[in-house]
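Here you go, one structure.
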Amino acid sequence: MVQIGKRNRLKVTRLVDFGAYLDAGARAEILLPKRYITTPLAPGDEVDVVVYTDSEDRPVASTEVPKAYVGEFAFLDVAAVTKVGAFMDWGLPKDLLVPFSEQRSRMVQGGNYLVYLYVDNASGRVAASAKVEKFVGNVIPEYANGQKVSVLVFDRNEVGYRCIVDNLHFGILYEDEVYSDIHKGDRMEAYVKRVRPDGKIDLMLGGRADVRTNTLADRIEKAVRSAGGSLAISDKSSPEEIKATFQCSKKDFKKAVGHLLKDGKIGISPDKTALFAK
């Protein structure tokens with residue numbers, strides 16, 4: 001079954017001067033216009049395409065990669081505002097409509113907004129909504145502590161960075177546990193620290209403590225050797241200096257250094273102000 005607004009792998013049924021027709025099952029055939037065919041095709045070949053509706057509401061296929069698919073959240077730019085709503089650039093020839101009823105406040109041309117992509121039941125077209133709360137937190141999160149997830153950073157508040165987790169749940173990265181630059185719109189991998197009773201998820205960037213220690217230890221050792229065998233930083237250094245150098249907490253830094261000292265991979269100067277390679 002062809003999924004509108006999502007990636008589909010479809011088989012070529014026949015070639016024509018203006019493109020190729022793809023097998024769409026109950027939808028019969030869908031045209032892949034010639035401009036999207038970059039390598040020769042033959043009947044029976046399979047191609048990865050996204051299917052959307054054109055200006056006449058006919059399904060059409062494209063090999064281009066949109067900025068988001070149906071069922072996902074993304075920050076998109078408003079290309080135009082008309083009497084029916086705002087049209088957003090999602091990376092395909094036909095812009096994406098956000099009806100006025102799905103806007104939190106009136107969108108303006110050139111503005112950048114967080115939206116959720118869905119298929120409008122009445123028209124069968126891909127549309128978007130800025131009322132993202134309707135689409136998040138509707139299922140109970142079932143994650144193990146330390147489980148890897150995909151997150152989209154969408155806001156910052158007094159405690160940290162608010163995220164959408166796996167396009168399903170709300171989560172947060174606490175500011176005092178973040179040691180690298182993060183911006184609204186960033187997509188990244190994170191790890192579940194815990195699922196709270198309210199269904200929101202506390203997140204962390206480094207994964208399990210032992211994994212964080214081992215990864216950081218490798219980075220510290222490489223940094224010491226890259227600096228010529230000695231680096232003027234140690235557990236006596238300030239948290240700010242450690243954060244600037246290794247994007248980690250002083251606590252994690254001390255654990256990683258202790259690991260390296262125990263394994264005999266590095267040493268520490270007599271005045272305990274520098275690390276050196278062994």
Checklist entry - With hydrophobic residues grouped by side-chain heavy-atom distances under 4.5 Å, do L260 and I233 end up in a single group? => result yes
Checklist entry - Measuring from Y69:OH to Y52:OH, what's the distance to the nearest 0.5 Å? => result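 Here the rounded value is 13.0 Å.
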Checklist entry - What are the two closest non-hydrogen atoms of F246 and A223, and how far apart are they? => result CE2-CB, 3.7 Å
Checklist entry - Side chains of V70 and Q3: closer than 4.5 Å at any heavy-atom pair? => result no
I'd like a table of donor-acceptor pairs (distance under 3.5 Å, sequence neighbours excluded) in which one partner is a side-chain atom from residues 109-117, with atom names and distances.
| residue | atom | partner | partner atom | Å |
| --- | --- | --- | --- | --- |
| Q109 | NE2 | A79 | O | 3.3 |
| N112 | ND2 | D77 | OD1 | 2.7 |
| Y113 | OH | V108 | N | 3.0 |

Checklist entry - Taking only residues two or more places apart in sequence or in another chain, which ones pass salt bridge (charged side-chain N to carboxylate O under 4.0 Å, His left out) with D202? => result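 Testing D202 for salt bridge (charged side-chain N to carboxylate O under 4.0 Å, His left out), a comparison that skips the adjacent residues, returns R194, R196.
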Item to check | Residues in side-chain contact (heavy atoms from CB on, under 4.5 Å) contact with K243, at least two apart in sequence or another chain | outcome: Y179
Could you list the donor-acceptor pairs under 3.5 angstrom formed between side-chain atoms of residues 14-22 and any protein atom two or more places apart in sequence or on another chain?
| residue | atom | partner | partner atom | Å |
| --- | --- | --- | --- | --- |
| R14 | NE | E29 | OE1 | 3.1 |
| R14 | NE | E29 | OE2 | 3.2 |
| R14 | NH2 | E29 | OE1 | 3.0 |

Checklist entry - Under the side-chain hydrogen bond (donor to acceptor under 3.5 Å, both in side chains) test, which residues partner R106, sequence neighbours left out? => result none
Checklist entry - Of the options R104, Q103, E102, which is the one that meets S129 in a side chain to side chain donor-acceptor pair (under 3.5 Å)? => result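 Going through the options one by one, the only one that passes is E102.
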Item to check | Beyond-backbone contact of V50 with E64, side-chain heavy atoms, under 4.5 angstrom | outcome: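 They are not in contact (no side-chain heavy atoms under 4.5 Å apart), so the answer is no.
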Checklist entry - Taking side chain as C-beta onward, heavy atoms only, is I172 less than 4.5 Å from K200? => result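 No - every pair of side-chain heavy atoms lies 4.5 Å or more apart.
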Next on the checklist: Taking salt bridge (charged side-chain N to carboxylate O under 4.0 Å, His left out) as the definition, give me every residue that meets it alongside K34, ordered by chain and number, with sequence neighbours left out.
Outcome noted: none
Next on the checklist: Restricting to ring-ring contact (aromatic ring centres under 6.0 Å, His included), what partner residues turn up for F170, sequence neighbours left out?
Outcome noted: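 Listed in chain order: F154.
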Item to check | side-chain hydrogen bond (donor to acceptor under 3.5 Å, both in side chains) partners of R187, counting only residues at least two apart | outcome: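 If we apply the side-chain hydrogen bond (donor to acceptor under 3.5 Å, both in side chains) test to R187, skipping adjacent residues, there are no hits.
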Item to check | Gap between atom CG of L152 and atom NZ of K184 - 0.5 Å precision | outcome: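 K184 NZ to L152 CG: 10.5 Å, rounded to 0.5 Å.
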Checklist entry - Would you say the side chain of D120 lies within less than 4.5 Å of the side chain of L97, judging by non-hydrogen atoms? => result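 A side-chain contact under 4.5 Å is absent here.
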Next on the checklist: If I take atom OG from residue S237 and atom CG from residue L275, how far apart are they, to the nearest 0.5 angstrom?
Outcome noted: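 If we round to the nearest 0.5 Å, S237:OG and L275:CG are 8.0 Å apart.
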Item to check | Minimum heavy-atom distance A128-L96, with the two atoms named | outcome: CB-CD2, 3.8 Å
Checklist entry - Between CD1 of I220 and CG of L231, what distance do you get to the nearest 0.5 Å? => result 9.0 Å
Checklist entry - Which residues pass the side-chain hydrogen bond (donor to acceptor under 3.5 Å, both in side chains) test with D23, sequence neighbours left out? => result none
Checklist entry - Is the number of heavy atoms from other residues, nucleotides or ligands within 6.0 Å of NZ (K131) greater than 12? => result yes
Checklist outcome for this item: The side-chain contact (heavy atoms from CB on, under 4.5 Å) partners of K67 (sequence neighbours excluded) come to L76, D89
Next on the checklist: Starting from V136, can I reach V151 by hopping between I/L/V/M/F/W/Y residues whose side chains sit under 4.5 Å apart?
Outcome noted: no
Checklist outcome for this item: In short, G85 meets F100 closest at the heavy-atom pair N-CE1, 3.4 Å
Checklist entry - Do D57 and S123 have side chains that get closer than 4.5 Å, going by heavy atoms? => result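 No. Closest side-chain heavy atoms not under 4.5 Å.
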Next on the checklist: So, taking the atom named CG in L203 and the one named NZ in K193, what distance separates them when rounded to the nearest 0.5 Å?
Outcome noted: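 Result: 10.0 Å between the selected atoms.
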Item to check | Pairing residues for H259 by the ring-ring contact (aromatic ring centres under 6.0 Å, His included) criterion, not counting sequence neighbours | outcome: none
Checklist entry - Has K94 got more than 12 heavy atoms of other residues, nucleotides or ligands less than 6.0 Å from its NZ? => result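 Count over threshold, so yes.
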Item to check | Distance in Å, E158 CD paired with R156 CZ, rounded so as to fall on 0.5 Å steps | outcome: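 So the gap between those two atoms works out to 11.0 Å.
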Checklist entry - Could you give all pairs that pass the side chain to side chain donor-acceptor pair (under 3.5 Å) test and reach residues 221-231, with sequence neighbours left out? => result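 Pairs touching residues 221-231 that pass the test: E221-R225.
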Checklist entry - Would D166 and Y143 count as having a side-chain donor-acceptor pair, cut-off 3.5 Å? => result yes
Next on the checklist: Quick one, M188 and I182 - any side-chain contact, counting heavy atoms below 4.5 Å?
Outcome noted: yes
Next on the checklist: Ignoring hydrogens, what is the shortest heavy-atom contact between I30 and P59? Give both atom names and the distance.
Outcome noted: CG2-O, 3.7 Å
Checklist entry - I37, V12: one ILVMFWY side-chain cluster at the under-4.5 Å cut-off? => result yes
Item to check | With E56, the side-chain contact (heavy atoms from CB on, under 4.5 Å) member among T53, D54, V60 | outcome: D54
Next on the checklist: Quick check: do P93 and R35 have side-chain heavy atoms less than 4.5 Å from each other?
Outcome noted: yes
Next on the checklist: Are Y36 and V47 packed together at the side-chain level, in the sense that at least one heavy-atom pair is separated by less than 4.5 angstrom?
Outcome noted: no
